[in-house]
Each structure stands twice: as structure tokens, then as C-alpha cells.
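Protein chains get the first letters and strands the later ones, always in sequence-line order, with residue 1 at the start of each. Everything numeric in this text was worked out from a predicted model, so none of it was measured. Side chains are part of it too, since the values below use all heavy atoms of this structure and drop only hydrogens, waters and symmetry mates.
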There are 2 protein chains.
Amino acid sequence: MHRPKHCRCWHKYPERGWIQFLIMRVLYEKPTHGYQLLEEIEKRSLGCHKLETGSLYTLLRRMEDRGLLESKWEKTENGPDRRVYRLTSKGIEALRMGLASIVKRKKLFEDLAEFYHEKFEKPPKGGEK
Amino acid sequence: MHRPKHCRCWHKYPERGWIQFLIMRVLYEKPTHGYQLLEEIEKRSLGCHKLETGSLYTLLRRMEDRGLLESKWEKTENGPDRRVYRLTSKGIEALRMGLASIVKRKKLFEDLAEFYHEKFEKPPKGGEK
DNA sequence: GAACTATATAACCCTGTTACATATATAACT
DNA sequence: AGTTATATATGTAACAGGGTTATATAGTTC
């Protein structure tokens, strides 16, 4: 009676925090500052997903508040300073769990994709008017 | 200068409205009432996603408000009446667009899945401490 | 009255967007 | 020397939408 029906983990639903996974995935490989992340994200999302700067910095801020990321300022010679983010161990764990959740639903994605091809791409056969 | 940077379609992000796609996908095939949808959704999501009744009816209501669905009450012999929903043409179009968006990002999903297997599933080789 | 079928809604939290605002550096133009 | 433009770089408040939670109701069957 007292068991929680859902754990309250923020990553419970893969369709939530989608972009955060992309961010963490990049950060997993190397610490990166925000502006550079914009390009990386766009590249990895194959141009499908253009992040506005406001979105990104808001997300980074919140992720750091949540302890998934850490940042430090980095001096540059020729330009404004940068804030470089890196994944914390908590962030790595969150990424691992989140991706596991996505992987688990891969079939569901494929199923929807198949449905799409079946119903919306196949040319209607004669008499289908 | 005056072009909108993003279209404001509600289905812009496939990771949003995820569950609504599942709902519409079921309704595409046949008109269904809410309670039955609960079972269908759970089945199709392979048990990964258990919808609470509150979530479903909230979604159905909002989708009807938006013109994606239509409903009519159905008398039953042995139980409370049911509200049967069906997809409108607007709903079909939304489903088509939403799934197209998902399909377009299939690579992205696969990429994340691959990353997961690579980084989080492969056993570390000797000396990897 | 317990269990199952069936629907409903208000309050809430989280995610991501929008629409701004700011600061540094470089290059070009006047 | 001052202005303007552009690229680099960060930031935030207010908002909209999606899904959950907690709770309520009602009919039917046993």
C-alpha cells in the first residue's frame, strides 16, 4: 500500500530529458563549454534539432543544480571566458540509467516507425479511393 | 527576419507527446474507449509504460479540445457507459507528422543505443582500472 | 461491501522554448 | 579615434505543454 507506484527519478521517461541525454553524451566524452555544445548537439542530431542558446544554458544550469554537471571558468586569449562543464559521477549514472531506459524501448520506436511506413508511406492500391 | 525560427506545431518534438502517439496509433486502427486504451497502451509499450487513469483521461480530454479526437457515449448492457474516441482527420494528420518526425530521428536513437552498449555494457578489459 | 468497469479533474512538477539582455574580441569603415 | 558589425560566449525570467498524482464519482456483479 505504501510502495510508490513510480520512482521519482527524473529520467523515468526517456521522452523526457531527451536533450539532456544528448548533452551528457557529449560531455561523457570530454568536458565542453556551452557554445561548443550547441554545435555538437546540432551535428549529432543531424540538423534535426537546433537548440537556442537560451534553452541550452537553462538546461546546463538546472543540470548543475541537480548535481549532474560541474563547471569551471576557463580563460581564453582571444575572446570571452568560457564555462566548461563536465559530467559528475552522478551525471554518468543518470546517463547510464536514462539510456538503458531508451534502449529498453527501442522496440517501441521501431514498432511506430514500421506503423508509419505501413500506413502513411505505402501508395494506396487501386480502388483505395 | 520575420520568419519564425520554429513552427509552433505541438508535435515539433517527438519526445513530447510520446504517449499521445501511442494513443493515436491505437485509435487509428479502431475507435476505442479510455479504459480499453489503458490495456492496449500497456500491451504495446511492452509493459514499460503503465499509464495511470488520470493521465489517460487528461490526455484524451486535451486531445479532444485540440480537435485531434472526437468522442461519443456508448451504452452498455452490463456496466457503466463508455466514451468512445475516434481520430479526426486532424488527428490523423498530426499522427502522420509526429511519426514522420520520429522516423527522421531514428538514427539518433540508434546512435544513443550504440553509445550505451559501447560505454556501459562492454566489460572493461584488463588494466582498465 | 468488495471488486471490477469506467470516467473525471484540479493541482502540480518538469522540460524546453521564447524573448530578451549582456560582455569580449576582431575587423571594417569613416 | 569612434562607430558599427559580426562572431564568440553566457545568462535569465516568464511561459506553454505534457504527464503525474491524488482524489472523486458511478454503475455492475458477486
Sorted by chain and number, sequence neighbours left out, side-chain hydrogen bond (donor to acceptor under 3.5 Å, both in side chains) with Arg86(B) holds for Glu70(B)
Just checking, is any N or O donor in the side chain of Gln20(B) or Arg66(B) under 3.5 Å from an acceptor N or O on the other one? yes
Taking only N/O atoms, report every protein-nucleotides 5-7 of chain C pair under 3.5 Å with atom names and distance.
| residue | atom | partner | partner atom | Å |
| --- | --- | --- | --- | --- |
| dT5(C) | OP2 | Tyr35(B) | OH | 3.2 |
| dA6(C) | OP1 | Arg82(B) | NE | 2.6 |
| dA6(C) | OP1 | Arg82(B) | NH2 | 2.6 |
| dT7(C) | OP1 | Arg83(B) | N | 2.5 |
| dT7(C) | OP1 | Arg83(B) | O | 3.3 |
| dT7(C) | OP2 | Gly34(B) | N | 3.2 |
| dT7(C) | OP2 | Tyr35(B) | N | 2.7 |
| dT7(C) | OP2 | Tyr57(B) | OH | 2.8 |

Taking N and O atoms by type only, does the side chain of Arg66(B) place a donor or acceptor under 3.5 Å from a partner on the base of dG17(D)? no
Rounding to an integer number of Å, can you tell me how far Asp65(A) CG sits from dT12(D) C1'? 13 Å
Whole-Å distance between dG16(C) C1' and Ile41(A) CD1? 13 Å
Could you tell me which residues satisfy side-chain hydrogen bond (donor to acceptor under 3.5 Å, both in side chains) with Glu121(B), sequence neighbours excluded, listed by chain and number? His117(B)
Out of dT15(C), dT18(C), dG19(D), minimum distance to the side chain of Gln20(A) belongs to dT15(C)
Any luck finding a side-chain donor-acceptor pair between Thr32(A) and Glu40(A) under 3.5 Å? no
Applying side-chain contact (heavy atoms from CB on, under 4.5 Å), name anything that partners Glu114(B), two or more places apart in sequence or on another chain. none
Whichever of Ser55(B) and Arg62(A) has the more 5' nearest nucleotide on DNA chain D, that residue is Arg62(A)
Ile19(B) CD1 to dT21(D) C1': how many Å, rounded? 14 Å
Return the value, rounded to whole Å, for the distance between atom CD of Glu74(A) and atom C1' of dT8(D). 14 Å
Not counting sequence neighbours, which residues clear side-chain contact (heavy atoms from CB on, under 4.5 Å) with Arg82(A)? List them please. His33(A), Glu74(A), Thr76(A)
Between P on dA9(D) and CD on Glu77(A), what's the gap in Å once rounded to a whole number? 13 Å
Within the 4.0 Å heavy-atom criterion, would you say Leu59(B) contacts the bases, only the backbone, or no part of the nucleic acid? sugar-phosphate
Spacing of Leu56(B) atom CG relative to dT21(D) atom C1', expressed in whole Å: 15 Å
Would you tell me if any nitrogen or oxygen in the side chain of Thr58(B) comes within less than 4.0 Å of OP1 or OP2 on dT9(C)? no
For Tyr57(B), check side-chain contact (heavy atoms from CB on, under 4.5 Å) against everything at least two apart and list the hits. Tyr35(B), Thr53(B), Leu60(B)
Please report the distance, rounded to the nearest Å, between CE in Met24(B) and P in dG19(D). 10 Å
Atom CD of Glu52(B) and atom P of dA10(C): how far apart are they, to the nearest Å? 19 Å
